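Just so you know, these numbers use all the heavy atoms, side chains as well, and skip hydrogens, waters and symmetry mates. The shown structure was predicted, so the numbers you read here are calculated from the model rather than taken from an experiment.
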Amino acid sequence: MATTPIFNASCSFPSTRGIDCKSYIGLRSNVSKVSIASTRIATSQRRNLIIRASESGNGHAKKLGMSDAECEAAVAAGNVPEAPPVPPKPAAPIGTPRIQPLNLNRRPRRNRASPAVRAAFQETDISPANFVYPLFIHEGEEDTPIGAMPGCYRLGWRHGLVQEVAKARAVGVNSIVLFPKVPEALKTPTGDEAYNDNGLVPRTIRLLKDKYPDLIIYTDVALDPYSSDGHDGIVREDGVIMNDETVHQLCKQAVSQARAGADVVSPSDMMDGRVGAIRAALDAEGFQNVSIMSYTAKYASSFYGPFREALDSNPRFGDKKTYQMNPANYREALIEAREDEAEGADILLVKPGLPYLDIIRLLRDKSPLPIAAYQVSGEYSMIKAGGVLKMIDEEKVMMESLMCLRRAGADIILTYFALQAATCLCGEKR
């Protein structure tokens, strides 16, 4: 089977009047037939036909029963076995200018030429092991949808939560972080429910560890879910968030969570000195092997809105700008990171994620510790909304956003997409 020839005309045909045919390739003559090597082929045929080994029989040459020595002797004697011909150079579209190739020593596109080549040189990878799955829990038996976070629920701690964890583990996500929706009747100005050993979070940890002993459980250490004021710390009557008194409460909260079986406690409050105080409190109670993931660079961001709806934990007054970081600040993250390292943090976290890739990279470059990124509720909800409105491809944007967090330097990612993304990754492997 021959290929359709390209007729590179050296003269002007009526159908190409006004065009210098020598300067373009791909122009076909308007003659009805062209003779190539005594074979007549209609030029009206538009696609090139190329013979490949797979198209001839079963793609395998018939064995002749010759030994290696006989095969080599045949080749030396000039009896070279047949092989497929060099494939023709693919034709450019009609009208493509004929030019001299650029004199380039390096063409980076060579390393992007095919899926196999791109996979070979991919610098960043992502797997379900990189995900920590944030899960909202409540005292009820039924799962309650969260309006601002499509696909997310307040899970019943004895039923829906256990089922959701089973789904996550089935696709390789074995790390979760718990966020409780605390009954209003248990909230106080000092957040004492935070260190109740029989509270919602400790009970849930014990249940999950009984069911899945190897599950990695992260916990949130902060007072806002337990505070009647909705702040991460104790609020003085003049509105000031009390630092050292809050740290005292956080230490008791962290020890209570460790006692229940938490693997990693995660202070998200942004009080000064809390990492060192929590490390000392854990060690004093015999929990030297419980890790601390510090919310090192937690910004006073507008991306947290849906999360606060999920936990009903909006501040009753004011904002959190006196303890969370100014979104305009970059160098300040280094101050927080150095303090957390010195005080004994095991993991440094940046929150939010995608809008703060520069901070993730900064900490990755400056610290030897593992770096975590939190893809927060606002980031999640925007992608979900864009997908519902058909403005974006939800799945592709989801995976791209997670890969970007990894590329910036995040070792682990807290993401509400954990189950969905891991399911996609498992599908790719199959």
Side-chain angles (χ1 to χ4, degrees), residues 108-109 111-136 145-146 148-153 164-177 179 216 218 293 299 301 303-307 310 347 349-364 370-430:
R109 288 184 58 189
N111 289 342
R112 303 194 289 268
S114 71
V117 170
R118 291 193 295 273
F121 301 130
Q122 182 166 309
E123 300 173 24
T124 305
D125 59 13
I126 191 166
S127 79
N130 300 123
F131 300 145
V132 179
Y133 194 10
L135 296 171
F136 302 108
I146 300 168
M149 299 179 68
C152 292
Y153 298 82
E164 192 71 4
V165 170
K167 292 177 187 175
R169 285 167 59 87
V171 291
V173 178
N174 199 45
S175 299
I176 65 165
V177 57
F179 294 102
I216 304 302
Y218 292 70
M293 179 175 72
Y299 285 84
S301 172
F303 284 89
Y304 304 149
F307 177 94
I347 307 164
L349 181 141
V350 176
K351 181 181 180 183
L354 206 62
Y356 293 84
L357 294 180
D358 58 332
I359 307 302
I360 296 171
R361 173 47 56 185
L362 174 68
L363 297 194
R364 170 72 291 140
I371 304 299
Y374 199 143
Q375 185 182 51
V376 299
S377 57
E379 299 173 68
Y380 170 87
S381 294
M382 287 194 299
I383 294 173
K384 281 288 183 181
V388 169
L389 295 173
K390 306 299 182 184
M391 299 172 68
I392 58 172
D393 183 316
E394 178 187 315
E395 183 176 303
K396 289 182 179 178
V397 172
M398 167 188 73
M399 295 308 301
E400 182 179 342
S401 67
L402 294 169
M403 185 65 80
C404 289
L405 292 167
R406 287 277 293 146
R407 187 196 67 229
D411 297 287
I412 59 173
I413 304 168
L414 284 68
T415 175
Y416 304 99
F417 283 121
L419 177 57
Q420 184 178 348
T423 302
C424 291
L425 290 171
C426 289
E428 288 178 3
K429 289 180 180 178
R430 285 196 293 269

**Prompt:** Where do Leu419 and Val171 land on the side-chain contact (heavy atoms from CB on, under 4.5 Å) test, with the steps shown first?
**Reply:** CA-CA 7 Å; Leu419 177 57; Val171 291; 3.7 Å; yes

**Prompt:** What residues, two or more places apart in sequence or in another chain, satisfy side-chain hydrogen bond (donor to acceptor under 3.5 Å, both in side chains) together with Asp393?
**Reply:** none

**Asked** So with a 6.0 Å cut-off around CZ of Phe303, is the heavy-atom count from everything else above 12?
**Response** no

**Asked** Is Lys384 close enough and on-axis enough to Tyr416, meaning under 6.0 Å and within 45°, for cation-pi?
**Response** no

**Request:** Would you confirm whether Ser301, through its side chain, and Pro352, through its main-chain N or O, come within 3.5 Å as a donor-acceptor pair?
**Result:** no

**Message:** As an exercise, state the distance from CD1 of Ile412 to CG of Leu349, rounded to the nearest 0.5 Å.
**Reply:** 7.5 Å

**Asked** Under 3.5 Å, side chain of Asn130 to main-chain N/O of Ser127, donor-acceptor pair present?
**Response** yes

**Message:** Once side-chain hydrogen bond (donor to acceptor under 3.5 Å, both in side chains) is applied, do any residues pair with Asp411, and if so which ones, sequence neighbours excluded?
**Reply:** Arg364

**Request:** With sequence neighbours left out, write down each residue that passes side chain to side chain contact (heavy atoms under 4.5 Å, CB included) with Pro145, or none if nothing qualifies.
**Result:** Tyr153

**Any donor-acceptor N/O pair, Tyr380 side chain to Pro306 backbone, under 3.5 Å** = no

**Asked** Taking all non-hydrogen atoms of both residues, which atom of Ala113 and which atom of Arg118 are closest, and how far apart?
**Response** C-NH1, 4.0 Å

**Asked** Hey, does Ile359 have a side-chain heavy atom less than 4.5 Å from the side chain of Tyr299?
**Response** yes

**Message:** Less than 4.5 Å apart, side chain to side chain, heavy atoms only: is that true for Val117 and Arg112?
**Reply:** no

**Message:** Please determine whether side-chain contact (heavy atoms from CB on, under 4.5 Å) holds for the pair Ile176 and Tyr218, giving the CA-CA distance in whole Å, both sets of side-chain angles, and the decisive distance to 0.1 Å.
**Reply:** CA-CA 6 Å; Ile176 65 165; Tyr218 292 70; over 6 Å; no

**Message:** side-chain contact (heavy atoms from CB on, under 4.5 Å) for Met293 and Val177? Distances and angles first, verdict last.
**Reply:** CA-CA 11 Å; Met293 179 175 72; Val177 57; 5.8 Å; no

**Message:** Would you say that Ser175 contacts Tyr133 through its side chain, given a criterion of any heavy-atom pair below 4.5 Å between the two side chains?
**Reply:** no

**Message:** Can a donor-acceptor pair be found, under 3.5 Å and without considering hydrogens, that links the side chain of Arg406 to the backbone of Ile126?
**Reply:** no

**Asked** So, Gln420 versus Glu394: side-chain donor-acceptor pair below 3.5 Å or not?
**Response** yes

**Full working for side-chain contact (heavy atoms from CB on, under 4.5 Å) between Arg361 and Val350** = CA-CA 10 Å; Arg361 173 47 56 185; Val350 176; over 6 Å; no

**Item:** Minimum heavy-atom distance between Met399 and Cys424, given as atom pair plus value
**Value:** SD-CB, 4.4 Å

**Asked** Are any of the side-chain heavy atoms of Gln122 and Met403 separated by less than 4.5 Å?
**Response** yes

**Prompt:** When you check the side-chain N and O atoms of Ser401 and Glu379, is any donor under 3.5 Å from an acceptor?
**Reply:** no

**Prompt:** Going from OG1 on Thr415 to CD1 on Ile383, what distance comes out if it is rounded to the nearest 0.5 angstrom?
**Reply:** 8.0 Å

**For Leu354 against Leu405, the heavy-atom pair lying closest together** = N-CD2, 3.6 Å

**Prompt:** Between Lys351 and Tyr304, which heavy-atom pair has the shortest distance, and what is it?
**Reply:** O-OH, 3.3 Å

**Main-chain N/O of Glu123 paired to Arg407 side chain as donor or acceptor, under 3.5 Å** = no

**Request:** Compare every heavy atom of Ile392 with every heavy atom of Gly387, then report the nearest pair and how far apart it is.
**Result:** N-CG1, 3.7 Å

**Complete:** Smallest heavy-atom separation, Ala421 atom then Leu402 atom, equals CB-CD1, 3.5 Å

